[in-house]
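The structure appears below as structure tokens.
In what follows, chains carry the letters A, B, and so on, assigned in the order in which the sequence lines appear, proteins first and then strands, with residues in each chain numbered from 1.
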Amino acid sequence: MVSIHRTDISMTGNLMRSNSQCIIVIKELTKDYYNIRAVDHISFCIRKGEIFGFLGPNGAGKTTTVRMLVGLTRITFGEAFICGYDVVRDYRRVRELIGVVPDASNMYSDLTCMENLIFSAKMYRIPRNKRRNKAEELLKFFGLWKYRNTKFKYLSKGLKRRLTIAASLVHDPKVLFLDEPTTGLDVMGRRALWKKLLILRDNGITIFLTTHNVHEAFQLSDRVAIINKGKIVAIGSPSELQRKFSVREVLEISFYPNDIGPSDLYNFVDGAIRVNRKNDHLEIILQDEIRVLKGLLEFAKKTNHSITMIRLRGADAEDLFIRIIGEENA
Amino acid sequence: MKPGTISWGLLFPIAFTLAFMVRRGGLTPWLAPGMVSLSIFFGSTSMSAMSIVFERRIGSFERLLLYPASYTCVALGKTLSSFFMGILSSLPVLALIFIILKNSIVINPVLLVIALITTTFLSSSFGVLMSFLVKDPSQVMVVFNLIRFPMMFLSDILIPASSMPQALIPIMLLQPLTYITELLRYSITSYYDLVPPTISLIVTIVSSLILIITTGYIIEKQRP
């Protein structure tokens, strides 16, 4: 098996030196929980007005990074700036400039949608005469107008998510942090939310989007950083990443009898990046297709299995992600 | 309002006061201010206990930390919400006292208002601080009562300082409920047991400020 671990932060360094449009600058940010390093000296910058996807498997350090940036978690080492303000020293100023949507919707359950937004507006010191208008505008934008008098606790998961995002926009922030915003939403809810995020981006809001959904990150983001075990392993636009870490093809194969697992093939397919089981067949992410095909034929002959289906297809974003983060996390 | 707040913050002080009313000897002018301080103390601390510990558990407290306010300001805001509950729970007890003892107490109305405000504020800030030391909502009342009941018996709510063993006097003077009770006692009966009202007032105000600043510091340091 070939496992690829590439650290590609050179782009980050160049960007930080060359681009004065950075709205978020992160330098050597590190977080230790006792003796566990959750985030390990990460550095990158986020440009004004972009959707920045922060992608990684569970436990990679995505949420910890966001929590450090917004001041909910203390920074062990390093520094970060939002709109030029130090997130530790100038935390109150930073909070005026950012909106945060945590991974769980955490509005006040006994307040209605309207009351929750007005309360948020109050907390951001929005003048009394503007609070209601702003709340109405956001309720309409997020399709919550007919729920304006419904208590938060009675909303569906998708509506709760929308209200939480609306509340984080009540003060017109420059940067919006979204931590796994579509987790638990159905396809329709997810698509609707994506649409809203693109509109917000077009209105000039910079969006920092953490997700473990590869398709979400690649479809929505102008640039994507991939974090694994607390380290940035790749950063760039989706097309840059696809070029840089190009995965040519994926081989789908099934055997008869259908009792083969990925581990059975390990000794035969050393030209593969990874073997996965997917429903009734195996999926092999290829690096050297000739070696893989030879290996599979040898395997079938030795174990007396017949190949019932074999198909080649192009690699998708998920295959790319698996290739970048490496074997042990996939 | 959570059930714990209603039972411990509202019903318990009223039940306690009623229990003293029906016993032989009834509710005396000396005992009455203690019942007010008990209602303030249990009302405000129950409110902070339930609201803060629950909010921290469900994540809405973190939302509060994301607003552009200092940690001390967050502590002050939480103290104010408990303050209103403390005042609310003291009103039925005060009403009972006025009805029953109207001929045997000498109320200083201005001092009573000042005492109610300052003592409720101290009691609330104490409850808010305590709330950051408990994480599990199911245990919050157990932990709070483990602290509140000894405090109740080690103040002069039920037992006059003159009847207390001398060894316990320094402990009485170290805890806020003594000053709360003494200040209320003077404002309702023009009599104090242990601490002069000026001292009680100063201690009450200074302690409140110290507790709020300490809570702000704890909120900041408790971030992971």
Side-chain angles (χ1 to χ4, degrees), chain A residues 31-34 36 38-39 63-64 66-76 82 85 87-88 90-111 116-117 119-126 152-153 160 163-164 167-168 170-171 173 175-177 179, chain B residues 1-6 9-10 46-85 88 128 131-132 135-138 140 212-224:
Chain A
K31 178 66 190 178
D32 291 340
Y33 289 111
Y34 302 101
I36 296 164
V39 176
T63 299
T64 303
V66 171
R67 288 177 63 89
M68 282 194 283
L69 292 175
V70 303
L72 289 178
T73 293
R74 286 184 285 169
I75 294 171
T76 305
I82 297 176
Y85 294 100
V87 297
V88 177
D90 310 312
Y91 74 96
R92 287 171 65 184
R93 181 74 188 116
V94 166
R95 285 174 193 175
E96 286 172 1
L97 299 166
I98 63 171
V100 183
V101 181
D103 54 354
S105 302
N106 60 357
M107 304 304 296
Y108 292 98
S109 55
D110 286 315
L111 298 186
N116 261 304
L117 293 185
F119 175 75
S120 275
K122 253 186 219 173
M123 294 301 289
Y124 283 108
R125 298 190 202 96
I126 290 170
F152 181 71
K153 63 183 172 189
K160 279 181 177 171
L163 185 71
T164 309
S168 67
V170 82
H171 57 301
V175 182
L176 180 62
F177 288 91
D179 192 4
Chain B
M1 222 184 274
K2 300 267 186 304
T5 314
I6 296 167
L10 278 175
S46 297
M47 180 68 182
S48 52
M50 297 310 287
S51 73
I52 294 173
V53 178
F54 269 92
E55 279 183 22
R56 288 173 75 205
R57 173 54 67 95
I58 62 171
S60 51
F61 187 76
E62 277 204 340
R63 168 156 288 280
L64 212 51
L65 295 184
L66 291 169
Y67 293 120
S70 67
Y71 298 110
T72 310
C73 198
V74 172
L76 181 64
K78 282 289 160 197
T79 302
L80 283 174
S81 68
S82 303
F83 171 85
F84 290 114
M85 180 63 194
L88 180 72
V128 170
S131 303
F132 285 97
K135 281 186 179 155
D136 188 351
S138 65
V140 62
I212 287 168
I213 292 165
T214 309
T215 305
Y217 179 79
I218 288 173
I219 294 171
E220 187 180 356
K221 292 296 164 196
Q222 271 193 354
R223 290 175 308 145

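You'll find the side chain of A:I75 reaches within 4.5 Å of the side chain of A:V87, heavy atoms only. Two residues are said to be in side-chain contact when any heavy atoms from C-beta on lie closer than 4.5 Å; B:M50 and B:M85 fail this criterion.
Contacts of A:S109 with chain B are absent, with no heavy-atom separation under 4.5 Å from either backbone or side chain. B:I58 touches chain A through its backbone: at least one of N, CA, C or O sits under 4.5 Å from a heavy atom, while the side chain does not. Residue contact with chain B, scored on non-hydrogen atoms closer than 4.5 Å, is absent for A:T64. The part of B:E55 that comes within reach of chain A is its side chain, from C-beta onward, which places non-hydrogen atoms under 4.5 angstrom from that chain.
Residue pairs meeting the side-chain hydrogen bond (donor to acceptor under 3.5 Å, both in side chains) criterion with at least one member in residues 90-99 of chain A, sequence neighbours excluded: A:Y85-A:R93, A:R93-A:E96, A:R95-B:Y71.
Residues B:F61 and B:F132 place their aromatic rings such that the two centres sit under 6.0 Å apart.
Options A:V100, A:L97, A:I98 differ in how many heavy-atom pairs under 4.5 Å they form with chain B, and the most are formed by A:V100.
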**Request:** Carefully, step by step, assess A:S105 and A:F152 under the rule side-chain contact (heavy atoms from CB on, under 4.5 Å).
**Result:** CA-CA 10 Å; A:S105 302; A:F152 181 71; 3.8 Å; yes
